[in-house]
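What you see below is based on every heavy atom in this structure, not just the backbone, and it leaves out hydrogens, waters and symmetry mates.
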Amino acid sequence: MTPGINVAKKARVPHRIHEYDHDPNSESYGTEAAEKTGAEPARVFKTLVASVDNRELVVGVLPVTSMLSMKLIARAAGGKKATMADKQEVQRATGYVLGGVSPLGQKRRLKTFIDQSACNFDTIYVSAGRRGLEIELAPEDLANLTNGRFTDLQQE
């Protein structure tokens with residue numbers, strides 16, 4: 001079990017685990033997750049970490065089919081400018097490796113923003129904390145477990 005799965009279990013949140021053989025040559029972890037779990041790509045969400053105003057790391061959870069708007073995540077976090085966080089910083093703050101960063105069970109709980117489109121589904125898939133492992137749960141449960149807030153995050 002990963003810290004992400006343990007958080008869901010401890011909270012007794014209904015969830016399902018989906019495991020698949022990760023291909024290290026895959027160009028997109030999210031697209032691979034959608035293909036190998038058989039889930040509709042719009043229901044598979046990636047977890048990205050951004051640095052807001054070079055002072056705070058925040059998490060954006062959005063569909064694998066879209067791109068994160070730096071302007072929207074900065075605004076959601078109450079900042080002016082956002083950039084993708086440094087890989088080493090992400091791993092130190094979350095305790096996860098890139099491609100397996102889960103919004104759940106992070107070493108240091110970061111402010112979390114979930115794309116509004118998650119509310120269109122009964123359940124969504126997010127990384128469970130390692131490559132080749134997804135957790136399916138209700139968007140509201142994800143928001144509750146992460147203290148996350150729903151907002152628009154997708155680049156137009």
Give me each pair satisfying salt bridge (charged side-chain N to carboxylate O under 4.0 Å, His left out) with a member in residues 12-26, each pair once, sequence neighbours excluded.
R16-E136, E19-R130
Show, in sequence, the C-alpha distance, side-chain angles and deciding distance for V59 and T47, and conclude whether the side chain to side chain contact (heavy atoms under 4.5 Å, CB included) test is met.
CA-CA 7 Å; V59 174; T47 306; 3.6 Å; yes
Could you note down all residue pairs passing salt bridge (charged side-chain N to carboxylate O under 4.0 Å, His left out) where residues 145-156 supplies at least one of them, sequence neighbours left out?
none
I114 with L68, same ILVMFWY side-chain cluster at under 4.5 Å:
no
When rounded to the nearest 0.5 angstrom, what distance separates CD1 in I73 from CE in M84?
8.0 Å
Look only at the side chain of S102 and the backbone of S127, and say whether a donor-acceptor pair between them is shorter than 3.5 Å.
yes
Identify whether Y96 and F113 are in the same connected component of the hydrophobic contact network (ILVMFWY, side-chain heavy atoms under 4.5 Å).
no
Within the 4.5 Å heavy-atom criterion, are S117 and Q154 side-chain neighbours or not?
yes
Close side-chain approach of V126 to V61, heavy-atom, < 4.5 Å
yes
Ring-plane angle category for F45 and F121, please: parallel below 30°, perpendicular beyond 60°, tilted otherwise.
perpendicular
Any chance you could measure T2, atom OG1, to I17, atom CD1, to the nearest 0.5 Å?
7.0 Å
Spell out, yes or no, whether V101 and L133 are grouped together once hydrophobic residues are joined by side-chain heavy atoms under 4.5 Å, including indirect joins.
yes
Please report the shortest heavy-atom distance between P139 and I124, naming the atom on each side.
CG-CG2, 4.2 Å
Side-chain heavy atoms under 4.5 Å apart, restricted to Ile/Leu/Val/Met/Phe/Trp/Tyr: what other residues fall into the cluster of Y125, or is it alone?
V44, V64
Do you know the tightest heavy-atom contact between L153 and G60?
CD1-CA, 4.0 Å
Looking at every heavy atom in both R43 and T123, which two are closest together, and how far apart are they?
NH2-OG1, 2.5 Å
Write down the atom of K107, the atom of A93, and the distance for their closest heavy-atom approach.
CB-O, 3.5 Å
Return the CD to CG distance between Q91 and L98, rounded to the nearest 0.5 Å.
5.0 Å
Rounded to the nearest 0.5 Å, what's the gap from CG on D86 to CZ on R92? Could you check?
7.0 Å
Taking atom CD1 of I5 and atom CD of E134, what is their separation to the nearest 0.5 Å?
10.5 Å
Side-chain donor or acceptor of T112 paired with backbone N/O of L110 under 3.5 Å
yes
Between atom CG of N6 and atom CE of M1, what is the distance when rounded to the nearest 0.5 Å?
7.5 Å
Do V13 and L142 share a hydrophobic cluster (ILVMFWY, side-chain heavy atoms under 4.5 Å, transitive)?
yes
Nearest heavy-atom pair of S26 and E32: which atoms, and what distance?
OG-CB, 3.4 Å
Take K111 and V52, measure what side chain to side chain contact (heavy atoms under 4.5 Å, CB included) needs, and give me the verdict at the end.
CA-CA 11 Å; K111 273 189 199 168; V52 177; over 6 Å; no
Linked, directly or transitively: Y29 and V97 (ILVMFWY side chains, under 4.5 Å)
no
Quick one: does K71's side chain have a donor or acceptor within less than 3.5 Å of a partner on Q155's backbone?
no
Please give me the minimum heavy-atom distance between D53 and G79, naming the atom from each residue.
OD2-CA, 3.2 Å
